[in-house]
Colleague: 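Could you have a look at this structure, given as structure tokens, before my questions?
Just so you know, ligand 1 is whichever comes first in the structure, and atom 1 is the first atom listed for that ligand.
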Amino acid sequence: ENGSAAAIPIDPRFDIAYVTPVTIGTPPQTLYLDFDTGSSDLWVFSSHTPESQVRGQRIYSPEKSSTAKLLAGHTWSILYGDGSGSLGNVYTDNFTVGGVTVTSQAVQTAQQVSYSFTSQSEIHGLVGLGFSTLNTVFPNGQLTFFDNAKSTLDSPVFTADLKWKKEGTYDFGFIDETKYTGEITYLPVQTDPGYWTFTSSGYAVGDGAFHPASIVGIADTGTSLTYLPAEVVTSYWGQVDGAVDSDYYGGYVFPCSSKLPSFTFGVGPANITIPASYINYAQITEGSPVCFGGLQSSSWLGVNIWGDVALKAAFVVFNGANPPTIGWAKK
Ligand SMILES: O=C(CNCCc1c[nH]c2ccccc12)Nc1scc(-c2ccccc2)c1C(=O)NCc1ccccc1
């Protein structure tokens, strides 16, 4: 049974994250969750989350679901690179997204969430679409929604068609030819430790020369910006009048009036171009003449991340066959 669901930007001004409607339990409880290829825990705000940590989010109440079952003795705790995190207990219940249903999906209910989640009222939890090896449930790791759904899909794939300041889609089980142009270029995926890790073949700044390089990075729908090696982002921001790498603002900022070049990255023999508008990420604060870049250095992360700023420039196929591969197409 294949499926398709909307990827809705949570803020009309800039693409912090995208949420997708899901239903959990019986009778169905609808929540809007962040589908995240950069992690592998499905966790939700719940009736177990302290009221002081809930600010407008919808919650999942397992006690109101006749099909919910506590996974006794199991707990989870996750920490993300930005220092945010959450922890709690585990239930299994019916989980449906875009017409695809998994009965007895592990649903991790939050007993604690960090402030960065409390402050995002539009995000009611995350659906990890990384490899299940990254799942944090203890003592027995749980399977992701995609791993559970795979056998019921026509093909063991899901695709991401994220859009700039507009609603996109996640498709499960099939590849929609109307969503891309030209050919899909498939690349090998390194599944250790469990991210969708691939190697880009290089980059170009604006209409400049292509620089062949092997850039190993994670295709990550759950991270807003794109973080690349210092020499790459330095050569990009070197082309922008007034751009500086600001300790104060925590990254490259530039005068909002500056003209930005596009950024092209290689995917095998092909390439994807990120339009300049996607890299003009956001004003520092409403009305500020200072803008924050969508392309930032990965040196403090220790890992390169192709986040939403890059992914929304492409149609991306996450192929969960054995061995897994990742496909990139223009659109
Ligand atoms: O975790 C995810 C995707 N889920 C994010 C969920 C989330 C976390 N706050 C959120 C807030 C809103 C919505 C979703 C989230 N991706 C990956 S793969 C490797 C790293 C990593 C590993 C080591 C060191 C650094 C990163 C991360 C990472 O920490 N990204 C977040 C981030 C955030 C800021 C800057 C860089 C990376």
Colleague: Determine, using the 4.5 Å side-chain heavy-atom cutoff (strictly less than), whether Phe315 and Val157 are members of one ILVMFWY cluster.
Modeller: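 Yes; tracing contacts between hydrophobic side chains, which count when under 4.5 Å, links both residues.
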Colleague: Provide, to 0.1 Å, the distance between atom 8 (C) of ligand 1 and the closest protein heavy atom, together with that atom's residue and name.
Modeller: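 The closest heavy atom on the protein side is Ser84 OG, 3.3 Å.
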Colleague: Does any N or O of ligand 1 fall below 3.5 Å from an N or O anywhere on Tyr195, backbone included?
Modeller: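 Between Tyr195 and ligand 1 (N or O atoms, distance only) the closest approach is not under 3.5 Å.
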Colleague: Give the residue, atom name and distance (to 0.1 Å) of the protein heavy atom nearest atom 11 (C) of ligand 1.
Modeller: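 Residue, atom and distance for the closest contact: Phe117 CE2, 3.9 Å.
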Colleague: What atoms in ligand 1 come closer than 4.0 Å to a heavy atom of Asp34?
Modeller: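 Every atom of ligand 1 under 4.0 Å from some heavy atom of Asp34: 13 (C), 14 (C).
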Colleague: Which heavy atom of the protein is the closest neighbour of atom 1 (O) of ligand 1, given with residue, atom name and distance?
Modeller: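 Closest protein heavy atom to atom 1 (O) of ligand 1: Tyr80 CD2, 3.3 Å.
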Colleague: For atom 4 (N) of ligand 1, which protein heavy atom lies nearest, and how many Å away is it?
Modeller: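 Sorting protein heavy atoms by distance from atom 4 (N) of ligand 1 puts Asp36 OD2, 2.6 Å first.
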Colleague: What's the shortest distance from atom 5 (C) of ligand 1 to any protein heavy atom, and which residue and atom give it?
Modeller: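 Nearest protein contact, heavy atoms only, for atom 5 (C) of ligand 1 is Gly222 O, 3.4 Å.
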Colleague: Can you name the closest pair of heavy atoms from Val44 and Val107 and give their distance?
Modeller: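 For Val44 versus Val107, the nearest heavy atoms are CG2-CG1, 3.8 Å.
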Colleague: Establish whether Val233 and Trp300 are linked, either directly or via other cluster members, by ILVMFWY side-chain heavy-atom contacts under 4.5 Å.
Modeller: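 Result: yes, single cluster for both.
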Colleague: Within the 4.0 Å heavy-atom shell around Ile218, which atoms of ligand 1 are there?
Modeller: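 With Ile218 as reference, the close atoms of ligand 1 come out as 18 (S), 19 (C).
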Colleague: Taking atom NZ of Lys64 as the centre, does the number of heavy atoms from other residues, nucleotides or ligands within less than 6.0 Å exceed 12?
Modeller: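 No, NZ of Lys64 has 12 or fewer neighbouring heavy atoms, counting only those of other groups under 6.0 Å.
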Colleague: Just need the protein heavy atom nearest to atom 33 (C) of ligand 1, so name the residue and atom and give the distance.
Modeller: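 Residue, atom and distance for the closest contact: Asp82 CB, 3.3 Å.
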Colleague: What protein heavy atom sits nearest atom 24 (C) of ligand 1, and how far away is it?
Modeller: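 Nearest protein contact, heavy atoms only, for atom 24 (C) of ligand 1 is Leu301 O, 3.5 Å.
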Colleague: Among Trp196, Phe198, Tyr186, find the residue that satisfies the ring-ring contact (aromatic ring centres under 6.0 Å, His included) test when tested with Trp328.
Modeller: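 For Trp328, the ring-ring contact (aromatic ring centres under 6.0 Å, His included) test succeeds with only one of Trp196, Phe198, Tyr186, which is Phe198.
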Colleague: Take every heavy atom of Leu225, measure it against each atom of ligand 1, and state whether any distance is under 4.0 Å.
Modeller: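 Outside the 4.0 Å threshold, so no.
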Colleague: Answer yes or no: does an N/O atom from Ser116 fall short of 3.5 Å to an N/O atom of ligand 1?
Modeller: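 In this structure, Ser116 places no N or O atom under 3.5 Å from an N or O of ligand 1.
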Colleague: Got a sec: does the CD of Glu183 have more than 12 other heavy atoms crowding it under 6.0 Å?
Modeller: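 Count not over threshold, so no.
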Colleague: Does Ile16 approach ligand 1 within less than 4.0 angstrom via side chain, backbone, both or neither, non-hydrogen atoms only?
Modeller: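 Neither part.
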Colleague: Does any N/O atom on Asp220 come nearer than 3.5 Å to any N/O atom on ligand 1?
Modeller: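 Checking ligand 1 against Asp220, an N or O pair does fall under 3.5 Å apart.
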Colleague: Ligand 1 and Thr223, any nitrogen or oxygen pair closer than 3.5 angstrom?
Modeller: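 The answer is yes, given that Thr223 and ligand 1 share an N or O pair closer than 3.5 Å.
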Colleague: For atom CD of Glu1, decide whether the heavy atoms of other residues, nucleotides or ligands shown that lie under 6.0 angstrom number more than 12.
Modeller: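 12 or below, so no.
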Colleague: Any side-chain heavy atom of Asp308 within less than 4.5 Å of one from Thr221?
Modeller: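 Contact flag for Asp308/Thr221 side chains = yes.
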Colleague: Give the atom numbers and elements of ligand 1 that come within less than 4.0 Å of a heavy atom of Leu126.
Modeller: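 Within the 4.0 Å cut-off of Leu126, ligand 1 contributes 6 (C).
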Colleague: So which of Val232, Thr226, Thr273 actually passes side chain to side chain contact (heavy atoms under 4.5 Å, CB included) with Phe263?
Modeller: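 When Val232, Thr226, Thr273 are each tested with Phe263, the side chain to side chain contact (heavy atoms under 4.5 Å, CB included) holds only for Val232.
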Colleague: What protein heavy atom sits nearest atom 22 (C) of ligand 1, and how far off is it?
Modeller: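 Its nearest protein heavy-atom neighbour is Val303 CG1, 4.0 Å.
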Colleague: Any chance the rings of Trp306 and Phe265 have centres within less than 6.0 Å?
Modeller: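 Yes, ring centres under 6.0 Å apart.
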Colleague: With a 6.0 Å cut-off on ring centres, are Phe146 and Phe158 close enough?
Modeller: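 Between Phe158 and Phe146, which both carry aromatic rings, the centre distance is below 6.0 Å.
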Colleague: Evaluating non-hydrogen atoms only, which member of Ser114, Gly307, Gly81 is closest to atom 28 (C) of ligand 1?
Modeller: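 Residue with the shortest heavy-atom distance to the ligand atom: Gly81.
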Colleague: Hey, looking at atom 12 (C) of ligand 1, which of Ile123, Thr221, Val19, Thr197 has the closest heavy atom?
Modeller: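 Minimum heavy-atom distance to atom 12 (C) of ligand 1 goes to Ile123.
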Colleague: In chain order, what residues pass the ring pair (Phe, Tyr, Trp, His ring centres under 6.0 Å) check against His48, with sequence neighbours excluded?
Modeller: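 Expected list: Tyr91.
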Colleague: Looking only at distance, does Ile305 have an N or O less than 3.5 Å from an N or O of ligand 1?
Modeller: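 No, since none of the N or O atoms of Ile305 sits under 3.5 Å from an N or O of ligand 1.
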